Amino acid sequence: MAAMSCFSLARLPISSTSSSTRNFSCLTKPHSMRRSCKIVNTTEKLEEPPRRSANYHPTIWDHSTIQSIENFSSLKGNTLERRRESLKNEVKLLLDASDDPVAQLQLIGTIQRLGIAYHFDNEIKSILDRIRDCHFDLEALDCVHKTALAFRLLRQHGYDVSSDVFQKYRDSQGFKDSLTDDVKGLLSLYEASFLSFPGEQLMEEANKFSVRHLESLTQKVGLDIEEQVRHSLQVPLHRRMRRLEAREYIDVYQREEGKSSVLLEFAKVDFNFVQIIHQMELKELSKWWISLNLGSVLSFTRDRLVENYLWAIGFVYEPHMSKCRIGITKAVCILSVIDDVYDIYGSFEEVEILTKTIKSWDPHEMRNLPENIKLCYKILYNFIEEITTCTLLDHGCNVMPFLKEEWENICGAFLVEAKWFHGGYTPSLKEYLKNAWISIGGPMTFVFAYCLLGHTLGDNSLNCLKQGFDPIYWSSLILRLNDDLGTSKVEMERGDTPKSIQCHMRETDESDEVSREYIKNLVDHFWKELNQESIRTHLPKNFMNLVTNMALASHCIFQFGDGIGDSTGITKNRILSLFFNNVPLE
């Protein structure tokens, strides 16, 4: 955690309030009281424009409880760490124990789902390289489950395997009827179909075939298999947030016959150990968030520190990535606040001034803004200065121009949406997406993350992000459309900028239902593009994983609606399971 110490620097004074007088009251008051918090103005009185409100519920998390976590968790770290290292060595022996490629692939698949694959990156790469170099013949495999498993894992790890390996399971009518009673094979075929590339009609056929027959088989199998099938039909493996999948699969794997007791115990111990690190990070972030004292000044915005940390876990959960995770959380928190200024609170004149201020990077430009919007700029200004200082100390590289450019881009995109809203304009879907892939915040977040991933930075190193533009583009579009599918209904009810669904409805005169289906199909297409770019790209592997993981996290956050704006339901339960409830070791 010491590596994050430079994040405590301050460049612009944020508040005249003494830290000793701050408390958690505005974070925990009932919503009706929170909306009555007064905004303090110390500049000349300007006519107050009418303000909109999204009526976001207050935070559901008690910061005093978060601050108390470390005293409990620190008692457990050393014992867990020793057991974790011992079990890790035993799992390495399991990976070396077999020369059977199929058995090795099955073990890799299990290790990935249990969330412990990051310990064995080198071993997994060696196994997959050997399989590739030995020209492992997927077409010679004797069942669709084995073929689909090999295809999925090899493509996932960047090996360009042809979809023709599935031709042997087809006849003149399509996929063979003999496959229809093989639940395991159908499920594997279904999961493999989500690794497809654009134009692969064979994989489209595999998807439709497996879905049709899996749906008809759910009443004919045991309860555990039925639950796995239903879960996969809802969210396939390739689109699940890694850390959440690990927590859920531990329970599933524990019920499986033939499970490895070593794998299961290691997964449990590792989950709890990593959870302790996440708790420590959350405590540090809680202190930072409280120190900003935003609850009493920016009552219009989403107070979602813990939920934004869930986003960061979706990007990168591995324990050695603390600096990156903390930086992403702070960036997303600040992004959410400024997004709410543009979307909800600020007048058009105010957001024009804010955009100009961010573009010029001159605090004097904000003199005509109300104090609470000035506070948003000051927080952003300080954060970028802090990241710049950190990377300058660590790498001797000045990343300020890159960070400023991304914030200029995203605030420019916010301003376009504000113009649309205030002008009552509905763009075409193409025009909307051209702006929205930027306004969703993906490119900005990736630049911050790249600076904090630990790569050796030089004056030209961030140019690789521009050269590796395509994966960032497709991942950002997936995030944008999943966000629209989850949030647009509520946002349209309160009166907001049209989203992709409304743009398509206006353009085609179709219903909401038809337009939603069209947007879902776009998400599927963008995933195919991202799959292909994941193999083509020259971006560093750990950064490419982060790009893919953002798309995965978007499926988790917006699966049942706006998981950030309204975090009282499934989001709350997921946060509890990942950050506060450990896995029983018995």
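None of these values were measured; they are calculated from a predicted model.
- Taking the side chain as every heavy atom from C-beta outward, Met241 and Arg574 never approach each other to under 4.5 Å.
- One finds the CD1 atom of Ile557 at 12.0 Å from the NE2 atom of His555 (value rounded to the nearest 0.5 Å).
- Comment: Asp339 engages Arg302 in a salt bridge, judged by a side-chain N to carboxylate O separation of less than 4.0 angstrom.
- Contact record, Ala449 with Leu546: CB-CD1, 3.9 Å, taken as the closest heavy-atom pair.
- More than 12 heavy atoms of other residues, nucleotides or ligands sit less than 6.0 Å from atom CZ of Phe197.
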Worksheet item: Passes side-chain contact (heavy atoms from CB on, under 4.5 Å), Lys323 versus Asp394? Steps please.
Response: CA-CA 12 Å; Lys323 180 184 286 191; Asp394 290 346; 2.6 Å; yes
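- With Ser286 contributing its side chain and Leu282 its backbone, the two residues share no donor-acceptor pair below 3.5 Å.
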Fill in: side chain to side chain donor-acceptor pair (under 3.5 Å) between Ser193 and Asn207, intermediate numbers included
CA-CA 5 Å; Ser193 71; Asn207 180 269; 3.0 Å; yes
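- No side-chain heavy atom of Val547 sits less than 4.5 Å from a side-chain heavy atom of Tyr473.
- Scanning both residues, Phe543 and Leu453, for their nearest heavy atoms gives CD1-CD1, 3.7 Å.
- Side-chain atoms of Leu95 and Ile111, non-hydrogen and from C-beta on, do get closer than 4.5 Å to each other.
- In this structure, Ser500 and Leu522 have side chains that are not in contact, with every pair of non-hydrogen atoms separated by 4.5 Å or more.
- Remark: Leu285 CG to Cys333 SG distance equals 7.5 Å, nearest 0.5 Å.
- The shortest distance between side-chain heavy atoms of Lys404 and Pro401 does not fall below 4.5 Å.
- Between the side chains of Asp303 and Thr59, no donor-acceptor pair is found at a separation under 3.5 Å.
- Side-chain atoms of Glu318 never come within 3.5 Å of backbone atoms of Tyr118 as a donor-acceptor pair (strictly under, hydrogens ignored).
- Applying the salt bridge (Lys or Arg N to Asp or Glu O under 4.0 Å) criterion to Arg152, with sequence neighbours excluded, gives no partner residue.
- A side-chain donor-acceptor contact under 3.5 Å links Asn531 to the backbone of Ser196.
- His278 is listed as a side-chain neighbour of Ile313, based on a closest heavy-atom distance under 4.5 Å.
- Panel note: side chain Ser475, backbone Pro471; no donor-acceptor pair is recorded below 3.5 Å.
- Residues forming a side-chain hydrogen bond (donor to acceptor under 3.5 Å, both in side chains) with Tyr253 (at least two apart in sequence, or on another chain): none.
- Contact between Met492 and Pro498 at its shortest, heavy atoms only, is CE-CA, 4.0 Å.
- Side chain of Ser554 to main chain of Ala551: a donor-acceptor pair is present (N/O by atom type, distance under 3.5 Å, no hydrogens or angles).
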Worksheet item: salt bridge (Lys or Arg N to Asp or Glu O under 4.0 Å) between Arg113 and Glu191: does it pass, once the steps are laid out?
Response: CA-CA 13 Å; Arg113 294 191 66 183; Glu191 298 290 7; over 6 Å; no
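- For the atom pair CZ (Arg304) and OG1 (Thr329), the distance works out to 15.5 Å, reported to the nearest 0.5 Å.
- A salt bridge is defined here as a Lys NZ or Arg NE, NH1 or NH2 lying under 4.0 Å from an Asp or Glu carboxylate O, and Arg536 with Glu533 meets this definition.
- Relative to the six-membered ring of Tyr159, Arg132 misses at least one condition, a distance below 6.0 Å or an angle of at most 45° to the axis.
- Atom NE2 of His320 has more than 12 neighbouring heavy atoms from other residues, nucleotides or ligands inside a 6.0 Å radius.
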Worksheet entry | Phe414 vs Val351, side-chain contact (heavy atoms from CB on, under 4.5 Å): CA-CA, chis, key distance, verdict | CA-CA 9 Å; Phe414 286 162; Val351 297; over 6 Å; no
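- Taking the six-membered ring for Trp, Trp61 and Phe580 have ring centres closer than 6.0 Å.
- For Lys499 (side chain) and Thr497 (main-chain N/O), a donor-acceptor pair under 3.5 Å exists by modelled atom type.
- Taking the six-membered ring for Trp and the full ring otherwise, the centers of Phe194 and Trp527 sit at least 6.0 Å from each other.
- Side-chain N or O atoms of Arg516 include none that pairs as donor or acceptor with a backbone N or O of Ile501 at under 3.5 Å.
- Two residues are said to be in side-chain contact when any heavy atoms from C-beta on lie closer than 4.5 Å; Leu263 and Ile116 meet this criterion.
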Practice prompt. May I have the step-by-step check of side chain to side chain donor-acceptor pair (under 3.5 Å) for Arg243 and Ser577, ending in yes or no?
Written response: CA-CA 10 Å; Arg243 182 68 173 168; Ser577 71; over 6 Å; no
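- Two residues are said to be in side-chain contact when any heavy atoms from C-beta on lie closer than 4.5 Å; Phe383 and Phe448 meet this criterion.
- The shortest non-hydrogen separation linking Arg325 to Pro319 is NH2-O, 3.6 Å.
- Using a cutoff of 4.0 Å between basic side-chain nitrogens and carboxylate oxygens, Asp484 and Arg480 are scored as salt-bridged.
- The environment of NZ in Lys572 is sparse: at most 12 heavy-atom neighbours from other residues, nucleotides or ligands sit within 6.0 Å.
- Under the 3.5 Å distance criterion, the side-chain polar atoms of Tyr190 are matched with a main-chain donor or acceptor of Ser232.
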Discussion item. Working note: Ile108 + Leu128, criterion side-chain contact (heavy atoms from CB on, under 4.5 Å); need CA distance, chi angles, decisive distance, verdict.
Written reply: CA-CA 10 Å; Ile108 290 171; Leu128 295 178; 4.2 Å; yes
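- For Phe446 and Trp437, the distance between ring centers is not under 6.0 angstrom.
- Ring pair Tyr309/Phe579: centre-to-centre distance below 6.0 Å.
- Note that CG of Leu485 is 12.5 Å distant from CG of Asp562, once rounded to the nearest 0.5 Å.
- A donor atom on one side chain and an acceptor atom on the other are found under 3.5 Å apart for Glu417 and Ser439.
- Remark: Phe526 CZ to Asn521 CG distance equals 11.0 Å, nearest 0.5 Å.
- In terms of modelled atom types and a separation under 3.5 Å, the side chain of Asp270 and the main chain of Phe266 share no donor-acceptor contact.
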Practice prompt. Decide yes or no on side-chain contact (heavy atoms from CB on, under 4.5 Å) for Gln275 and Leu578, but give the supporting numbers first.
Written response: CA-CA 7 Å; Gln275 185 183 73; Leu578 294 183; 5.7 Å; no
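- Listed here is the closest heavy atom pair of Phe151 and Ser162: CE1-O, 3.8 Å.
- For the residue pair Ser322 and Ile277, the shortest heavy atom distance occurs at OG-CG2, 3.9 Å.
- The line from CG of Leu479 to CD1 of Ile440 is 4.0 Å long, rounded to the nearest 0.5 Å.
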